[in-house]
Amino acid sequence: MYGNSAWEYDDVRRQCYLHQFRKEQPDLNFYNPDVQNEILDIIKFWLEKGVDGFTVDAAKFLLEAEHLRDEPQVDKTQDPTTITSYGELYHDYTTTQVGMHDILRDFRQTMNTYSREPGRYRFMGTESNDQNTVAKTMMYYGNSFIQEADFPLNFYLLNLGRDLSGNSIYDIVNRWMKAMPKGKWPHWMVGSPSNPRIASRVGEDYVNVINMLLLTLPGTPTTYYGEELGMQDNPTANNATDTSGEHNPAEYPEKTPMQWDTSANAGFSEANKTWLPLNQDYEVVNVEVQKTKPDSTLNLYRDLLKLRKNELPLHRGWLCYAWKDNNVFAYVREIDGLNKVFMMVLNFGAKSSVNLKEQIPDLPAQAKIRLSTISANNGKPVDMDNINTERGEGLILEYKTNKPLHNKDKFKDHCFISEKACYSSAFDLLYKNC
């Protein structure tokens, strides 16, 4: 993965060992039943300690082909001795091998034995970035007979860049939702320790609206630390001179210390110096400062979490696409049995106006802005035939209707539900058989 040879010679054993990542990370031989049992014992050890579950990182690398043949070259005319980059080979023999999913199912069954206690479920995720081959990623859900992961991690929003648009967001969301097996639970993430931060990748103007997207889509959101503040990559990390350790600090501009307050080291450490340098904006962009500002990124993030937690349609309801163009992506969250609906109108381009009443005539004439990325707009009414958004603005509109979109033939292919449930107002509860 990091270039050059995947084999390292060990002087003690007088043998080479395989490491698909760094030489300090030898690949285990999962064809050996003793290795499999040892890993299962480690999983049980931590489950007995009370952990809530595991995510299996780099799952597609668990097994390698036993024949140890050279992998096919991308350029068949290239001299094999000049190959130094991972991208110069097709990795047919070192990823997604037959038997890999069987190992994951054993992990899942171990989790299940610790999920029998009432109210105690042990979660399992998988990480396998299969890029454009989304069908491979979907296999980690398992099938109707055998469960694997609760969900595989979804990396597609990490592809967002300066070419951000309403259409590009729609394409990424729809790619996952259309490919996901029926009834399964999706996952979303927009930041990671291996990618530039949102503010550095797409621009500061879009941090809040992307957080709004993340926290209003169905499924489980994952936030990389500091994205709730709008932290940026630290350009001074590239000037690091202490490269004596296993890793080079210059490789990690998005991993700089969490910015808690204005004190030394941003409240992250009491040491004289942190290994990775602090971002120079920490005196302005930190938790302590943003707590006191009503319109801060942190307070919007907290408001989004409260809304998500308290409103059933946002965490258990249908997702239906309502509008997409180069600037705006709009969708609704609704649930059977409840006439309260939330519509997200998210601007990922330039200042825009959309007429959703024309697109969906059954919409009410007006809706209330329940939450906006521009806090001054909260609570205001908005005309559904003229919804205005500024560049990077996000709106959560609330309205009531007895004509949900997911019941309309026109939206049949534009609506999705995970773990369908219905709401009973008489008993104030959710039920599945509906």
Side-chain angles (χ1 to χ4, degrees), residues 166 169-170 173-174 177 185-186 188 209 211-219 221 300 303-325 328-347 352-373 377-389 393-432 434:
I169 295 287
Y170 163 80
V173 172
N174 192 48
M177 298 305 294
W185 191 256
W188 312 96
V209 72
N211 279 338
M212 184 172 281
L213 171 79
L214 181 71
L215 296 175
T216 55
L217 287 171
L300 172 66
D303 288 341
L304 285 165
L305 286 178
K306 288 177 188 174
L307 192 65
R308 177 187 176 90
K309 181 179 180 180
N310 294 331
E311 298 292 352
L312 275 176
L314 286 176
H315 62 87
R316 287 301 299 271
W318 288 81
L319 165 74
C320 294
Y321 307 136
W323 180 277
K324 66 179 178 73
D325 62 24
V328 171
F329 175 40
Y331 52 93
V332 303
R333 301 299 310 281
E334 54 193 25
I335 193 166
D336 292 282
L338 193 65
N339 64 0
K340 182 192 292 186
V341 175
F342 293 94
M343 175 181 283
M344 275 49 68
V345 183
L346 309 180
N347 184 306
S352 180
S353 176
V354 296
N355 182 351
L356 286 174
K357 182 72 172 169
E358 182 178 57
Q359 178 79 0
I360 311 169
D362 287 335
L363 287 176
Q366 282 193 333
K368 181 180 77 172
I369 300 177
R370 182 68 182 269
L371 198 58
S372 169
T373 55
N377 290 335
N378 292 347
K380 291 182 178 179
V382 61
D383 294 328
M384 300 300 271
D385 60 359
N386 185 29
I387 303 174
N388 297 302
T389 51
E393 183 180 7
L395 302 174
I396 299 180
L397 307 180
E398 180 184 333
Y399 61 90
K400 293 185 182 296
T401 182
N402 291 314
K403 298 178 179 179
L405 293 192
H406 69 270
N407 285 340
K408 298 180 183 296
D409 289 339
K410 179 181 177 181
F411 288 89
K412 183 179 179 181
D413 296 326
H414 302 283
C415 293
F416 305 89
I417 186 70
S418 299
E419 297 187 5
K420 183 180 178 182
C422 299
Y423 175 71
S424 168
S425 57
F427 297 101
D428 189 27
L429 57 76
L430 283 176
Y431 60 99
K432 285 188 175 181
C434 57

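Keep in mind the model is a prediction, meaning the values are calculated, not measured. Note that these values count all heavy atoms, side chains included, but never hydrogens, waters or copies made by symmetry.
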Go through Thr373 and Leu346 one step at a time and tell me if the side-chain contact (heavy atoms from CB on, under 4.5 Å) criterion holds.
CA-CA 10 Å; Thr373 55; Leu346 309 180; over 6 Å; no
Taking the side chain as every heavy atom from C-beta outward, state whether Ile396 and Thr216 have any pair of such atoms under 4.5 Å apart.
yes
Within this structure, what is the CG-NZ distance for the pair Leu363 and Lys403, rounded to the nearest 0.5 Å?
11.0 Å
Looking only at heavy atoms, what is the nearest atom pair of Asp325 and Val328, with distance?
OD1-N, 2.6 Å
Under 6.0 Å from the NZ atom of Lys408, do we count more than 12 heavy atoms belonging to anything else shown?
yes
Are any side-chain N or O atoms of Asn355 and backbone N or O atoms of Glu358, one a donor and one an acceptor, separated by less than 3.5 Å?
yes
What I'd like to find out is whether the side chain of Leu397 reaches to under 4.5 Å of the side chain of Ile387, using heavy atoms alone.
yes
Just how far is it from atom OH of Tyr423 to atom CG of Leu429, taken to the nearest 0.5 Å?
8.0 Å
Please examine the side chains of Tyr399 and Val332, heavy atoms only from C-beta on, and report whether any two atoms are closer than 4.5 Å.
yes
What is the ring orientation for Tyr331 with Phe329, classed by angle as parallel under 30°, tilted 30 to 60°, or perpendicular over 60°?
tilted
Taking all non-hydrogen atoms of both residues into account, name the closest pair between Ser372 and Leu395 and its distance.
OG-CD2, 3.6 Å
Starting at CE of Met212, measure out to CD of Glu393 and round the result to the nearest 0.5 Å.
8.5 Å
Student check: side-chain heavy atoms of Thr401 and Asn339 closer than 4.5 Å:
no
Evaluate the criterion side-chain contact (heavy atoms from CB on, under 4.5 Å) for residue pair Leu319 and Arg333; output intermediate values, then yes/no.
CA-CA 5 Å; Leu319 165 74; Arg333 301 299 310 281; 4.1 Å; yes
Does Pro186 reach the side chain of Leu217, with side-chain heavy atoms less than 4.5 Å apart?
no
Rounded at 0.5 Å granularity, tell me how far CG in Leu405 sits from CG in Asp362.
8.5 Å
What one should report as the nearest heavy-atom pair of Gly379 and Lys368 is O-CG, 3.8 Å
Leu356 to Ala322 - nearest heavy-atom pair and separation:
CD2-O, 4.0 Å
Report the C-alpha distance between Tyr321 and Phe416 in whole Å, list the side-chain angles of each, state the deciding distance to 0.1 Å, and finish with yes or no for side-chain contact (heavy atoms from CB on, under 4.5 Å).
CA-CA 9 Å; Tyr321 307 136; Phe416 305 89; 3.5 Å; yes
Least distance between heavy atoms, Cys434 atom then Tyr431 atom:
CB-CE1, 3.4 Å
Salt bridge (Lys or Arg N to Asp or Glu O under 4.0 Å) with Glu311: of Arg370, Arg316, Lys306, only one passes, and it is Arg370
Hey, does Trp323 have a side-chain heavy atom less than 4.5 Å from the side chain of Val345?
no
Is there a side-chain contact between Lys309 and His315 in this structure, where contact means two heavy atoms from C-beta onward sitting under 4.5 Å apart?
no
Rounded to the nearest 0.5 Å, what separation is found between the CG atom of Leu213 and the CG atom of Leu304?
10.5 Å
Flag the pair Lys324 / Asn174 as yes when at least one side-chain heavy-atom distance between them is below 4.5 Å, and no otherwise.
no
Stepwise side-chain contact (heavy atoms from CB on, under 4.5 Å) check, Leu430 with Ile335:
CA-CA 10 Å; Leu430 283 176; Ile335 193 166; 3.7 Å; yes
Tell me if the NZ atom of Lys410 is crowded by more than 12 foreign heavy atoms within 6.0 Å.
yes
Evaluate the ring planes of Trp318 and His406, with Trp represented by its six-membered ring, and classify them as parallel (under 30°), tilted (30 to 60°) or perpendicular (over 60°).
parallel
Could you state the interatomic distance from CD (Gln366) to NZ (Lys357), rounded to the nearest 0.5 Å?
11.0 Å
